[in-house]
Protein chains: 2
Amino acid sequence: MEQTRAAKAAGGAKAVGAAAIGPCAAIPAEHMAFIREVLDRVGDKWSLLLIAVLEPGPLRYTELQRQVPGISQRMLTLTLRQLQQDGLVARTAYAEVPPRVEYALTPLGRGLHEIATSLVGWAAAHHDEIRENRARTISAQPGAGAHA
Amino acid sequence: MEQTRAAKAAGGAKAVGAAAIGPCAAIPAEHMAFIREVLDRVGDKWSLLLIAVLEPGPLRYTELQRQVPGISQRMLTLTLRQLQQDGLVARTAYAEVPPRVEYALTPLGRGLHEIATSLVGWAAAHHDEIRENRARTISAQPGAGAHA
DNA sequence: CGGTATCCCCTCTGATACTG
DNA sequence: CAGTATCAGAGGGGATACCG
(Lines give C-alpha, C1' and ligand atoms only; values in the text may rest on other atoms or scores of the structure.)
Protein backbone atom coordinates (compact mmCIF):
# COMPACT_ATOMS: atom_id res chain seq x y z
CA MET A 1 0.00 0.00 0.00
CA GLU A 2 1.41 3.49 -0.09
CA GLN A 3 1.94 4.33 -3.66
CA THR A 4 3.92 7.28 -4.85
CA ARG A 5 0.76 9.04 -5.80
CA ALA A 6 -0.65 8.61 -2.35
CA ALA A 7 2.38 10.06 -0.68
CA LYS A 8 2.39 12.91 -3.11
CA ALA A 9 -1.28 13.60 -2.58
CA ALA A 10 -0.98 13.46 1.20
CA GLY A 11 2.09 15.63 1.13
CA GLY A 12 0.44 18.10 -1.15
CA ALA A 13 -2.66 18.21 0.94
CA LYS A 14 -0.66 18.76 4.07
CA ALA A 15 1.58 21.38 2.59
CA VAL A 16 -1.27 23.31 1.06
CA GLY A 17 -4.15 22.57 3.35
CA ALA A 18 -2.83 21.93 6.82
CA ALA A 19 -2.57 25.56 7.72
CA ALA A 20 -5.56 26.54 5.65
CA ILE A 21 -8.25 24.03 6.59
CA GLY A 22 -6.86 23.31 10.00
CA PRO A 23 -5.12 20.11 11.06
CA CYS A 24 -6.77 17.10 12.56
CA ALA A 25 -6.47 17.11 16.30
CA ALA A 26 -7.50 13.51 16.71
CA ILE A 27 -4.69 12.13 14.55
CA PRO A 28 -1.64 14.20 15.43
CA ALA A 29 -0.11 13.27 12.08
CA GLU A 30 2.89 11.80 13.87
CA HIS A 31 0.62 9.06 15.06
CA MET A 32 -0.88 8.83 11.65
CA ALA A 33 2.57 8.30 10.23
CA PHE A 34 3.30 5.60 12.80
CA ILE A 35 0.08 3.83 12.05
CA ARG A 36 0.77 3.82 8.36
CA GLU A 37 4.37 2.77 8.84
CA VAL A 38 3.54 -0.18 11.03
CA LEU A 39 0.50 -1.11 9.06
CA ASP A 40 2.31 -1.08 5.78
CA ARG A 41 4.80 -3.50 7.21
CA VAL A 42 2.45 -5.62 9.21
CA GLY A 43 -0.70 -5.24 7.20
CA ASP A 44 0.46 -7.38 4.34
CA LYS A 45 -0.62 -10.89 3.89
CA TRP A 46 2.24 -12.80 5.47
CA SER A 47 4.37 -10.76 7.86
CA LEU A 48 2.30 -11.44 10.91
CA LEU A 49 1.90 -15.08 10.03
CA LEU A 50 5.63 -15.45 9.69
CA ILE A 51 6.19 -13.74 12.99
CA ALA A 52 3.61 -15.95 14.60
CA VAL A 53 5.26 -19.07 13.23
CA LEU A 54 8.70 -17.92 14.23
CA GLU A 55 7.68 -17.13 17.78
CA PRO A 56 8.31 -20.61 19.24
CA GLY A 57 11.80 -20.73 17.79
CA PRO A 58 14.07 -20.50 14.76
CA LEU A 59 12.99 -22.21 11.57
CA ARG A 60 14.56 -23.06 8.26
CA TYR A 61 13.34 -21.75 4.95
CA THR A 62 11.62 -24.98 4.03
CA GLU A 63 10.09 -25.29 7.46
CA LEU A 64 8.53 -21.89 7.02
CA GLN A 65 7.06 -22.94 3.72
CA ARG A 66 5.57 -25.95 5.40
CA GLN A 67 4.21 -24.10 8.39
CA VAL A 68 2.62 -21.33 6.39
CA PRO A 69 0.46 -23.17 3.92
CA GLY A 70 -0.29 -21.22 0.79
CA ILE A 71 2.74 -18.98 0.74
CA SER A 72 4.85 -18.92 -2.38
CA GLN A 73 8.64 -18.91 -2.41
CA ARG A 74 8.50 -15.45 -3.79
CA MET A 75 6.39 -14.10 -0.98
CA LEU A 76 8.25 -16.05 1.66
CA THR A 77 11.56 -14.63 0.54
CA LEU A 78 10.19 -11.16 0.06
CA THR A 79 8.46 -10.98 3.40
CA LEU A 80 11.43 -12.47 5.17
CA ARG A 81 13.63 -9.82 3.60
CA GLN A 82 11.34 -7.05 4.78
CA LEU A 83 11.21 -8.44 8.26
CA GLN A 84 14.97 -8.70 8.23
CA GLN A 85 15.42 -5.13 7.13
CA ASP A 86 13.24 -3.90 9.91
CA GLY A 87 15.21 -5.95 12.38
CA LEU A 88 12.23 -8.07 13.29
CA VAL A 89 13.78 -11.28 12.09
CA ALA A 90 17.38 -12.47 12.05
CA ARG A 91 18.76 -14.62 9.28
CA THR A 92 21.58 -17.06 9.93
CA ALA A 93 23.21 -18.94 7.09
CA TYR A 94 25.38 -21.95 7.84
CA ALA A 95 28.05 -22.55 5.21
CA GLU A 96 27.51 -26.27 5.13
CA VAL A 97 27.45 -28.71 2.26
CA PRO A 98 23.69 -28.95 2.30
CA PRO A 99 23.00 -25.25 2.71
CA ARG A 100 21.09 -24.40 5.84
CA VAL A 101 19.52 -21.09 6.74
CA GLU A 102 17.64 -20.33 9.88
CA TYR A 103 15.31 -17.49 10.63
CA ALA A 104 14.64 -16.35 14.14
CA LEU A 105 12.68 -13.60 15.82
CA THR A 106 14.66 -10.74 17.27
CA PRO A 107 13.64 -9.10 20.55
CA LEU A 108 12.02 -6.39 18.49
CA GLY A 109 10.14 -9.01 16.53
CA ARG A 110 8.97 -10.60 19.73
CA GLY A 111 7.67 -7.24 20.83
CA LEU A 112 5.61 -6.97 17.72
CA HIS A 113 4.39 -10.45 18.30
CA GLU A 114 3.00 -9.33 21.61
CA ILE A 115 0.95 -6.68 19.88
CA ALA A 116 -0.12 -9.11 17.24
CA THR A 117 -1.23 -11.47 19.96
CA SER A 118 -3.47 -8.87 21.48
CA LEU A 119 -4.86 -8.17 18.07
CA VAL A 120 -5.54 -11.84 17.59
CA GLY A 121 -7.09 -11.95 21.02
CA TRP A 122 -9.43 -9.17 20.13
CA ALA A 123 -10.23 -10.79 16.81
CA ALA A 124 -10.92 -14.11 18.47
CA ALA A 125 -13.18 -12.46 21.00
CA HIS A 126 -15.20 -10.56 18.43
CA HIS A 127 -14.89 -12.36 15.16
CA ASP A 128 -18.30 -13.97 15.35
CA GLU A 129 -19.78 -10.66 16.41
CA ILE A 130 -18.20 -9.07 13.38
CA ARG A 131 -19.36 -11.82 11.10
CA GLU A 132 -22.87 -11.44 12.41
CA ASN A 133 -22.85 -7.71 11.88
CA ARG A 134 -21.42 -8.16 8.45
CA ALA A 135 -23.99 -10.71 7.37
CA ARG A 136 -26.83 -8.64 8.75
CA THR A 137 -25.70 -5.37 7.20
CA ILE A 138 -24.98 -6.91 3.85
CA SER A 139 -28.37 -8.55 3.58
CA ALA A 140 -29.90 -5.24 4.64
CA GLN A 141 -28.49 -3.57 1.56
CA PRO A 142 -31.14 -2.55 -1.01
CA GLY A 143 -31.40 -5.10 -3.75
CA ALA A 144 -29.42 -7.75 -1.92
CA GLY A 145 -31.29 -10.80 -0.75
CA ALA A 146 -34.57 -8.90 -0.67
CA HIS A 147 -36.40 -10.92 -3.28
CA ALA A 148 -35.25 -9.87 -6.74
CA MET B 1 -5.27 -8.62 -0.62
CA GLU B 2 -6.92 -11.98 -1.02
CA GLN B 3 -7.52 -12.63 -4.65
CA THR B 4 -9.72 -15.38 -5.97
CA ARG B 5 -6.72 -17.30 -7.11
CA ALA B 6 -5.21 -17.10 -3.67
CA ALA B 7 -8.26 -18.56 -2.04
CA LYS B 8 -8.37 -21.31 -4.60
CA ALA B 9 -4.69 -22.08 -4.15
CA ALA B 10 -4.92 -22.05 -0.37
CA GLY B 11 -7.96 -24.25 -0.43
CA GLY B 12 -6.28 -26.70 -2.72
CA ALA B 13 -3.15 -26.78 -0.65
CA LYS B 14 -5.09 -27.37 2.52
CA ALA B 15 -7.35 -30.02 1.07
CA VAL B 16 -4.51 -31.94 -0.51
CA GLY B 17 -1.59 -31.22 1.77
CA ALA B 18 -2.95 -30.62 5.24
CA ALA B 19 -3.32 -34.27 6.07
CA ALA B 20 -0.27 -35.26 4.09
CA ILE B 21 2.41 -32.81 5.21
CA GLY B 22 0.96 -32.13 8.62
CA PRO B 23 -0.67 -28.92 9.82
CA CYS B 24 1.11 -26.01 11.42
CA ALA B 25 1.15 -26.24 15.18
CA ALA B 26 2.37 -22.73 15.77
CA ILE B 27 -0.47 -21.04 13.90
CA PRO B 28 -3.53 -23.01 14.94
CA ALA B 29 -5.17 -21.96 11.70
CA GLU B 30 -8.04 -20.51 13.68
CA HIS B 31 -5.67 -17.82 14.86
CA MET B 32 -4.32 -17.52 11.36
CA ALA B 33 -7.82 -16.91 10.11
CA PHE B 34 -8.41 -14.29 12.77
CA ILE B 35 -5.23 -12.52 11.92
CA ARG B 36 -6.07 -12.43 8.27
CA GLU B 37 -9.63 -11.39 8.90
CA VAL B 38 -8.73 -8.48 11.12
CA LEU B 39 -5.77 -7.49 9.06
CA ASP B 40 -7.69 -7.46 5.84
CA ARG B 41 -10.12 -5.08 7.42
CA VAL B 42 -7.72 -3.00 9.37
CA GLY B 43 -4.65 -3.27 7.22
CA ASP B 44 -5.96 -1.03 4.50
CA LYS B 45 -4.95 2.53 4.17
CA TRP B 46 -7.80 4.32 5.87
CA SER B 47 -9.80 2.15 8.28
CA LEU B 48 -7.62 2.80 11.27
CA LEU B 49 -7.36 6.48 10.46
CA LEU B 50 -11.11 6.76 10.30
CA ILE B 51 -11.48 4.93 13.57
CA ALA B 52 -8.90 7.17 15.13
CA VAL B 53 -10.69 10.28 13.91
CA LEU B 54 -14.05 9.00 15.02
CA GLU B 55 -12.84 8.16 18.48
CA PRO B 56 -13.52 11.56 20.09
CA GLY B 57 -17.07 11.63 18.79
CA PRO B 58 -19.48 11.38 15.86
CA LEU B 59 -18.61 13.21 12.68
CA ARG B 60 -20.35 14.08 9.46
CA TYR B 61 -19.24 12.94 6.06
CA THR B 62 -17.66 16.23 5.17
CA GLU B 63 -16.01 16.49 8.55
CA LEU B 64 -14.35 13.18 7.95
CA GLN B 65 -13.06 14.37 4.64
CA ARG B 66 -11.59 17.38 6.34
CA GLN B 67 -10.06 15.48 9.23
CA VAL B 68 -8.44 12.84 7.08
CA PRO B 69 -6.44 14.79 4.57
CA GLY B 70 -5.78 12.97 1.34
CA ILE B 71 -8.73 10.63 1.36
CA SER B 72 -10.96 10.62 -1.69
CA GLN B 73 -14.75 10.48 -1.54
CA ARG B 74 -14.58 7.07 -3.03
CA MET B 75 -12.28 5.70 -0.37
CA LEU B 76 -14.08 7.50 2.40
CA THR B 77 -17.39 6.01 1.37
CA LEU B 78 -15.94 2.59 0.73
CA THR B 79 -14.07 2.39 4.00
CA LEU B 80 -17.02 3.73 5.92
CA ARG B 81 -19.19 1.06 4.36
CA GLN B 82 -16.79 -1.68 5.36
CA LEU B 83 -16.54 -0.37 8.88
CA GLN B 84 -20.30 -0.21 9.01
CA GLN B 85 -20.71 -3.76 7.83
CA ASP B 86 -18.40 -5.02 10.50
CA GLY B 87 -20.30 -3.09 13.09
CA LEU B 88 -17.34 -0.92 13.94
CA VAL B 89 -19.04 2.27 12.90
CA ALA B 90 -22.67 3.34 13.06
CA ARG B 91 -24.23 5.51 10.40
CA THR B 92 -27.09 7.82 11.25
CA ALA B 93 -28.91 9.71 8.53
CA TYR B 94 -31.16 12.61 9.44
CA ALA B 95 -33.96 13.18 6.95
CA GLU B 96 -33.52 16.89 6.94
CA VAL B 97 -33.65 19.38 4.14
CA PRO B 98 -29.92 19.76 4.01
CA PRO B 99 -29.07 16.09 4.31
CA ARG B 100 -27.01 15.26 7.35
CA VAL B 101 -25.31 11.98 8.09
CA GLU B 102 -23.27 11.21 11.13
CA TYR B 103 -20.82 8.45 11.67
CA ALA B 104 -19.94 7.23 15.13
CA LEU B 105 -17.80 4.53 16.64
CA THR B 106 -19.66 1.58 18.09
CA PRO B 107 -18.44 -0.10 21.28
CA LEU B 108 -16.86 -2.72 19.07
CA GLY B 109 -15.12 -0.02 17.12
CA ARG B 110 -13.84 1.52 20.32
CA GLY B 111 -12.43 -1.85 21.27
CA LEU B 112 -10.50 -1.98 18.06
CA HIS B 113 -9.31 1.52 18.69
CA GLU B 114 -7.79 0.32 21.93
CA ILE B 115 -5.80 -2.28 20.05
CA ALA B 116 -4.81 0.22 17.43
CA THR B 117 -3.61 2.52 20.17
CA SER B 118 -1.30 -0.13 21.55
CA LEU B 119 -0.04 -0.73 18.05
CA VAL B 120 0.63 2.94 17.66
CA GLY B 121 2.31 2.95 21.03
CA TRP B 122 4.62 0.18 19.95
CA ALA B 123 5.31 1.91 16.68
CA ALA B 124 6.10 5.16 18.41
CA ALA B 125 8.44 3.41 20.80
CA HIS B 126 10.35 1.54 18.13
CA HIS B 127 9.95 3.44 14.92
CA ASP B 128 13.40 4.98 15.03
CA GLU B 129 14.87 1.63 15.96
CA ILE B 130 13.18 0.13 12.94
CA ARG B 131 14.29 2.93 10.70
CA GLU B 132 17.84 2.45 11.87
CA ASN B 133 17.73 -1.26 11.24
CA ARG B 134 16.20 -0.70 7.88
CA ALA B 135 18.77 1.85 6.78
CA ARG B 136 21.61 -0.33 7.97
CA THR B 137 20.38 -3.53 6.37
CA ILE B 138 19.57 -1.88 3.10
CA SER B 139 22.98 -0.28 2.77
CA ALA B 140 24.48 -3.66 3.62
CA GLN B 141 22.91 -5.18 0.54
CA PRO B 142 25.42 -6.02 -2.20
CA GLY B 143 25.54 -3.26 -4.76
CA ALA B 144 23.41 -0.84 -2.79
CA GLY B 145 24.99 2.28 -1.41
CA ALA B 146 28.37 0.58 -1.15
CA HIS B 147 30.35 3.01 -3.28
CA ALA B 148 28.93 3.02 -6.79
C1' DC C 1 18.31 -26.82 0.01
C1' DG C 2 17.58 -22.00 -0.60
C1' DG C 3 16.81 -18.72 -3.36
C1' DT C 4 16.19 -15.47 -7.77
C1' DA C 5 13.89 -13.91 -12.03
C1' DT C 6 9.87 -13.52 -14.99
C1' DC C 7 5.15 -13.25 -16.25
C1' DC C 8 0.62 -11.99 -15.29
C1' DC C 9 -3.64 -11.11 -13.00
C1' DC C 10 -6.25 -8.86 -9.60
C1' DT C 11 -7.31 -5.67 -6.15
C1' DC C 12 -6.74 -1.34 -4.08
C1' DT C 13 -6.61 3.44 -4.45
C1' DG C 14 -7.06 7.87 -6.63
C1' DA C 15 -9.15 11.32 -10.05
C1' DT C 16 -13.01 12.96 -12.15
C1' DA C 17 -17.74 13.56 -13.18
C1' DC C 18 -22.54 13.12 -12.18
C1' DT C 19 -26.94 12.60 -9.10
C1' DG C 20 -30.54 13.10 -5.27
C1' DC D 1 -24.35 17.82 1.64
C1' DA D 2 -23.78 13.06 0.75
C1' DG D 3 -23.00 10.00 -2.09
C1' DT D 4 -22.47 6.91 -6.70
C1' DA D 5 -20.34 5.53 -11.24
C1' DT D 6 -16.65 5.18 -14.36
C1' DC D 7 -11.77 5.40 -15.75
C1' DA D 8 -7.03 4.53 -15.04
C1' DG D 9 -2.65 3.43 -12.70
C1' DA D 10 0.36 1.09 -9.32
C1' DG D 11 1.69 -2.55 -6.70
C1' DG D 12 0.86 -6.84 -4.22
C1' DG D 13 0.80 -11.43 -4.78
C1' DG D 14 0.66 -16.15 -7.12
C1' DA D 15 2.63 -19.60 -10.63
C1' DT D 16 6.39 -21.16 -12.95
C1' DA D 17 11.04 -21.81 -14.31
C1' DC D 18 15.74 -21.52 -13.45
C1' DC D 19 20.37 -21.03 -10.70
C1' DG D 20 24.19 -21.79 -6.82
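Chain A is the first sequence line, chain B the second, and so forth, proteins listed ahead of strands; every chain is numbered from 1.
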Between [atom2] on [N] and [atom1] on [X], what's the gap in Å once rounded to a whole number?
| X | N | atom1 | atom2 | result |
| --- | --- | --- | --- | --- |
| B:Met75 | C:dT11 | CE | P | 14 Å |
| A:Leu48 | D:dG13 | CG | P | 13 Å |
| B:Asp40 | D:dG13 | CG | C1' | 13 Å |
| A:Arg66 | C:dC1 | CZ | C1' | 15 Å |
| A:Leu64 | C:dG2 | CG | C1' | 12 Å |
| A:Arg81 | D:dG12 | CZ | P | 16 Å |
| A:Glu102 | C:dG2 | CD | P | 9 Å |
| B:Leu80 | D:dA2 | CG | P | 11 Å |

Side chain of B:Thr77 (C-beta onward), nearest among D:dG13, D:dT4, D:dT16: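 The nucleotide sitting nearest to the side chain is D:dT4.
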Worked verdict on A:Asn133 versus B:Thr106 for side chain to side chain contact (heavy atoms under 4.5 Å, CB included): CA-CA 12 Å; A:Asn133 289 330; B:Thr106 64; over 6 Å; no
Passing option when A:Leu59 is tested against A:Arg66, A:Gln65, A:Glu102, A:Gln67 for side chain to side chain contact (heavy atoms under 4.5 Å, CB included):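 Only match with A:Leu59 under side chain to side chain contact (heavy atoms under 4.5 Å, CB included): A:Gln67.
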B:Thr62 side-chain N/O to D:dA2 phosphate OP1/OP2 under 4.0 Å: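 B:Thr62 to D:dA2 OP1/OP2: side-chain N or O found under 4.0 Å.
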N or O in side chain of B:Tyr61 less than 4.0 angstrom from D:dT4 OP1/OP2: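 Answer no for this pair, as no side-chain N or O of B:Tyr61 is under 4.0 Å from OP1 or OP2.
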Minimum heavy-atom distance between A:Arg91 and A:Ala93, given as atom pair plus value: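 Taking every non-hydrogen atom into account, NH2-CB, 3.7 Å.
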Nearest heavy-atom neighbours spanning A:Gln73 and A:Tyr61: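 Shortest heavy-atom contact: O-OH, 3.3 Å.
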Test item: [X] and [Y] side chains (from C-beta on) under 4.5 Å apart, heavy atoms:
| X | Y | answer |
| --- | --- | --- |
| A:Trp46 | A:Leu80 | no |
| A:Val68 | A:Leu76 | no |
| A:Leu83 | A:Leu105 | no |

Under-3.5 Å donor-acceptor pair between B:Arg74 side chain and D:dT6 base: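 When only heavy-atom distances are counted, B:Arg74 does reach the base of D:dT6 through a donor-acceptor pair under 3.5 Å.
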Residues within residues 91-99 of chain A bordering DNA chain C, heavy-atom distance below 4.0 Å: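 Within this stretch, A:Arg91, A:Pro99 sit under 4.0 Å of the strand.
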